[in-house]
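Heavy atoms only: backbone and side chains are in, while hydrogens, waters and symmetry mates are out. Predicted model, so just to flag it, every value in this text is computed and none were measured.
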Amino acid sequence: MPRTDAEDEDPGPVPHPLDRPWIHPSELVASSRQAPERNDTHPASAHPARSWRRDLVLTVAAGTVGAVATVAVLGLVGTFERDPIRRVAALNSVGSSDAASIAAHVVPGIAGVITTAAGVERRGSGIAVGPHQVLTTIDVVDPSTDPIPENTATTSAGTGPIEICLANGHRHLATEIGRDPVMGLVLLDVPTLRLEPAALVDTPAVRAGDWIAAVGRNATSGAWVTSGVITAIDGWMSDDRGGAYAGMITTSTGLAAEARGGALVDRRGNVVGMLSVTGSTPTRTAAIPTDILRDVAAQLATTGSASHGALGLHAIDTAARGATVTEIGAGSSAETAGLQVGDRVTAVDGAATPDTASLVYTLRRLRAGAQVRLTVVRGHTPRRVTAILDDTSATAPPASSPTTVPDTNLLAVAVAGRT
């Protein structure tokens, strides 16, 4: 086909490679080998040919600046969070009031405790405090604290074996390492079962009004769970059998027998106490704070017994601040220290004791033989005296009992209805 005049026209010079939207690799090489030329026919090419190297450097530099700016912006908005999933999960776990989620987190450290007495199988709970150790209450392992149900056929006397279970149908024999009658605690050894110890935190982390969950093991070794709030701390708690307990964490939750010895848990999933006492009102449960649980467990594991400090006196609460002394035992630590009837004990080693409950609990946390500085108000004059604490379990209480309720004997507060 013959060419037209338009096709015969000179199309003009070929554009420079860097002036086109694409460049063939061979042109880059060729361009680097050609010397700059002048073309007077086209004013645009009258200037020296641009250096492709310079253009390439400028292009790379511009791209680098843009990339750095983009990274900076993304970093400011948190796109490069190293572990966003973990961060979100952590935020969701803090302050949670989902009892089911809390129970799922805690229940691996809660064990079911099974005992048999007089032919009757009883179930309770315990808290794992070591790979093979479970701490529970005397009530759980000693059935003599509860009456035998009516119309129950008894086949034997005494207590049978103690068994620990984490799953229904899987039981492991446990032996008693030691017990603490003052706080009503027992430490068990389970050599054939490896446990996941629960996370015990300091009790001062909780306060009245805080949300809590109560977690134990039910008859099928699943989780027993209820929730409520803390109603009081550091006060007196009276149970349905007349026992008086000092320094307990009182809650608005009820307590099933199978959950006794289980855990009181805060919103973060930390154990803050052991469920131990049902109050005279069924919907009130008290727990032993973890700061004393840890110390008792350590003592029982080491020596099989636990020591608690005592002054050897009676005291009552009055309108005045402090525990007012009403009687002093002969030969007691209080007598040796020079305390007198009518004195008000307002602090121990600088820690305020505004009432009898706080004084009793402060002494329980100390051990026999400890030297303490007591702040005492006699009349209107404060003074400080030094006392060497007696052992609660080895010292007899004064001859008479106070008329006030609960019993504020600082030597032996009733445990599980027994003095």
Exercise. Hey, is Arg367 close enough to Asp295 for a salt bridge, meaning N to O under 4.0 Å?
Worked result: yes

Problem set entry | Audit row: Val348, Leu374, side-chain contact (heavy atoms from CB on, under 4.5 Å) steps and yes/no | CA-CA 5 Å; Val348 177; Leu374 304 175; 3.8 Å; yes

For this session: Could you point out which residue of Thr392, Asp391, Leu389 forms a side-chain contact (heavy atoms from CB on, under 4.5 Å) with Ser307?
Result: Asp391

Exercise. How about Pro191 and His132: do any of their side-chain heavy atoms sit closer than 4.5 Å?
Worked result: no

Problem set entry | Flag side-chain contact, heavy atom, 4.5 Å: Val272 against Val201 | yes

Problem set entry | Thr231 side chain vs Thr250 backbone, donor-acceptor pair below 3.5 Å | yes

Exercise. Is there a donor-acceptor pair closer than 3.5 Å between any side-chain N or O of Thr336 and the backbone N or O of Ser332?
Worked result: yes

Exercise. Short question: side chain of Ser125, backbone of Arg217 - any donor-acceptor pair under 3.5 Å?
Worked result: yes

Exercise. Counting N and O atoms only, with roles assigned by atom type, does the side chain of Arg260 sit under 3.5 Å from a partner on the main chain of Val140, one being a donor and the other an acceptor?
Worked result: no

For this session: State, with a plain yes or no, whether a side-chain heavy atom of Ile114 is found less than 4.5 Å away from one of Glu121.
Result: yes

Problem set entry | Donor-acceptor under 3.5 Å (Asp266 side chain, Ile212 main chain) | no

Exercise. Rounded to the nearest 0.5 Å, how far apart are OG1 of Thr285 and CD1 of Ile249?
Worked result: 12.0 Å

Seminar exercise, completed: Heavy-atom closest pair (Ala306 atom, His308 atom, distance to 0.1 Å) is CB-NE2, 4.0 Å

Exercise. Under 3.5 Å, side chain of Thr290 to main-chain N/O of Leu293, donor-acceptor pair present?
Worked result: no

Exercise. CD1 of Ile292 to CD of Gln299: how many Å apart, nearest 0.5 Å?
Worked result: 9.0 Å

Exercise. Any donor-acceptor pair under 3.5 Å linking the side chain of Arg123 with the backbone of Ala219?
Worked result: yes

Exercise. Is the side chain of Ser221 donor-acceptor paired with the backbone N or O of Leu166 at a distance under 3.5 Å, no angle test?
Worked result: no

Problem set entry | Residue among Leu188, Ile288, Leu187, Leu200 satisfying side-chain contact (heavy atoms from CB on, under 4.5 Å) with Leu135 | Leu187

For this session: May I ask you to test the Ile127-Thr136 pair for a side-chain heavy-atom distance under 4.5 Å?
Result: no

Exercise. Hey, does the side chain of Asp189 reach the backbone of Ile177 with a donor-acceptor pair shorter than 3.5 angstrom?
Worked result: no

Problem set entry | Donor-acceptor contact below 3.5 Å, side chain Thr346 vs main chain Gly322 | no

